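These figures come from a predicted structure and were not determined experimentally.
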Amino acid sequence: MERKPAVAVVFHHIGPYHHARLNAVTDRLSVTGIEWSAKGYDAWGAAEVPARYHKISLFSEAAEHYPDSRQRREAFRWALEQAKPDVLAVNGWNNFGSLTAADCCVRLGLPMVVMSESARQDETRTWWKEILKRQIVDLYSAALVGGQRHVEYLVELGMPRDRIFVGYDVVDNEYFRQKTGEVRSQRSEVRQKYALPENYFLASARFIPKKNLMGLMQGYAQYRERSQAEGKTPWHLVVLGDGPLRENLNAQLSTLNLLAHVHFAGFKQYQ
């Protein structure tokens with residue numbers, strides 16, 4: 001049997017969303033999922049489907065200031081010795097985990113792929129930070145990104161365009177198709193249980209600035225105005241998630257007169 005190429009994929013914490021993608025990759029590659037922390041920032045819950053990849057948890061709980069850099073390097077080098085990958089895929093380039101991983105791989109001569117959802121428009125950029133990013137990006141052999149804006153930003157940082165591939169932002173379509181079918185077979189009971197409107201758009205995001213939920217509310221308000229002007233009954237909007245901008249969003253709903261039409265359902269786990 002032909003040997004599958006071996007890849008190790010690094011995340012801060014492997015939640016159900018990452019788990020589904022890693023399982024899918026095992027059809028073509030030998031996969032090791034490495035997580036810095038067995039505990040996530042959010043209560044994502046456990047995946048329902050068993051892992052088809054090898055999983056390594058480096059620490060029971062890890063954050064920006066714990067463990068220290070020496071412990072991180074030692075733990076990560078140990079994980080690479082266990083996994084023996086041909087290539088390492090790491091999420092981003094500006095957190096303690098990704099920088100430690102890059103340092104170890106450079107020392108070992110192990111090629112790296114950066115997984116990125118960063119775009120120039122995300123925030124105000126500082127010239128000296130951009131210089132540092134270019135030096136870090138130069139360490140990677142290729143990139144896997146979410147979309148075209150992410151491609152353009154990496155090209156700006158010096159990554160050759162032919163080494164950048166789109167397809168990072170994917171979900172387990174079969175899982176959601178199956179679960180949606182189950183819900184639709186009992187839609188009236190589910191709608192009553194969760195106090196859901198008849199027709200609605202569904203959004204899911206952390207309530208933080210870069211998710212642009214303020215923009216979503218403004219767009220939804222415009223949609224309602226146009227629908228009513230055309231004599232149509234507008235759908236409601238249900239938003240899953242929570243975060244520091246919740247009070248700001250509530251204030252915006254009041255200003256836009258949307259309190260009766262936008263429903264904050266709180267943080268919900270994957271299933």
Asker: Judged by modelled atom types alone, do Q148 and E152 share a side-chain donor-acceptor pair under 3.5 Å?
Answerer: yes

Asker: Hey, any chance V87 and F11 share a hydrophobic cluster, counting ILVMFWY side chains that come within less than 4.5 Å of each other, even indirectly?
Answerer: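 Both belong to a single hydrophobic cluster.
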
Asker: Are more than 12 heavy atoms from other residues, nucleotides or ligands located less than 6.0 Å from atom CG of N199?
Answerer: yes

Asker: Do E35 and S57 have side-chain atoms, one donor and one acceptor, less than 3.5 Å apart?
Answerer: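 Yes, a side-chain donor-acceptor pair sits under 3.5 Å.
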
Asker: Are the charged groups of D103 and R107 less than 4.0 angstrom apart, N to O?
Answerer: yes

Asker: Looking at L80, T32, L108, V114, which one forms a side chain to side chain contact (heavy atoms under 4.5 Å, CB included) with L88?
Answerer: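 It is L80; the other options fail the test.
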
Asker: Ring centres under 6.0 Å, that's the criterion: do Y200 and W235 meet it?
Answerer: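 No: the rings miss the under 6.0 Å criterion.
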
Asker: Is there a side chain to side chain donor-acceptor pair (under 3.5 Å) between Y220 and H261 once you walk through the steps?
Answerer: CA-CA 10 Å; Y220 175 68; H261 313 295; 5.2 Å; no

Asker: Should the pair E81-R77 be classified as a salt bridge under the 4.0 Å nitrogen-to-oxygen rule?
Answerer: no

Asker: Run the side-chain contact (heavy atoms from CB on, under 4.5 Å) check on I56 and L58 step by step: do they pass?
Answerer: CA-CA 6 Å; I56 297 176; L58 298 180; 3.9 Å; yes

Asker: Show your reasoning for whether side-chain contact (heavy atoms from CB on, under 4.5 Å) applies to E117 and D169.
Answerer: CA-CA 8 Å; E117 296 173 298; D169 288 347; 2.4 Å; yes

Asker: So if you build clusters from Ile, Leu, Val, Met, Phe, Trp, Tyr with side-chain heavy-atom gaps below 4.5 Å, do L144 and M112 land together?
Answerer: no

Asker: Are R120 and E156 close enough for a salt bridge, meaning some N to O gap below 4.0 Å?
Answerer: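 Salt bridge between R120 and E156, a charged N being under 4.0 Å from a carboxylate O: yes.
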
Asker: Please report the interatomic distance CG(L196) to CZ(R187), rounded to the nearest 0.5 Å.
Answerer: 12.0 Å

Asker: Give a yes or no on whether the ring-centroid distance for W36 and F76 is below 6.0 angstrom.
Answerer: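 Distance test on ring centres: under 6.0 Å, yes.
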
Asker: Regarding R21 and the six-membered ring of Y17, is the cationic atom NZ or CZ under 6.0 Å from the ring centre and inside 45° of its axis?
Answerer: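 Yes, R21 lies over the aromatic ring of Y17.
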
Asker: To the closest 0.5 Å, what do you measure between OG (S60) and NZ (K39)?
Answerer: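 S60 atom OG to K39 atom NZ measures 9.0 Å (nearest 0.5 Å).
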
Asker: So, R149 versus Y153: side-chain donor-acceptor pair below 3.5 Å or not?
Answerer: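 Judged by distance alone, the side chains do not pair up.
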
Asker: Answer yes when D68 and R73 have at least one side-chain N-carboxylate O distance shorter than 4.0 Å, and no when they do not.
Answerer: no

Asker: Would the H150 and Y168 ring centres measure less than 6.0 Å apart?
Answerer: no

Asker: For the hydrophobic clusters of this structure (ILVMFWY residues joined by side-chain heavy atoms under 4.5 Å, transitively), does one cluster hold both W78 and L99?
Answerer: yes

Asker: Using side-chain contact (heavy atoms from CB on, under 4.5 Å), reason through M115 and V9 one step at a time and then give a plain yes or no.
Answerer: CA-CA 10 Å; M115 302 179 293; V9 186; 3.6 Å; yes

Asker: Using a strict 4.0 Å threshold on nitrogen-to-oxygen distance, state whether R246 and D242 make a salt bridge.
Answerer: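 A salt bridge links R246 with D242.
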
Asker: Keeping the roles fixed (side chain from N23, backbone from R52), state whether a donor-acceptor pair exists under 3.5 Å.
Answerer: yes

Asker: Please assess E225 against E230 for the test side-chain contact (heavy atoms from CB on, under 4.5 Å), listing each intermediate value before the final yes or no.
Answerer: CA-CA 9 Å; E225 291 176 3; E230 296 170 1; over 6 Å; no

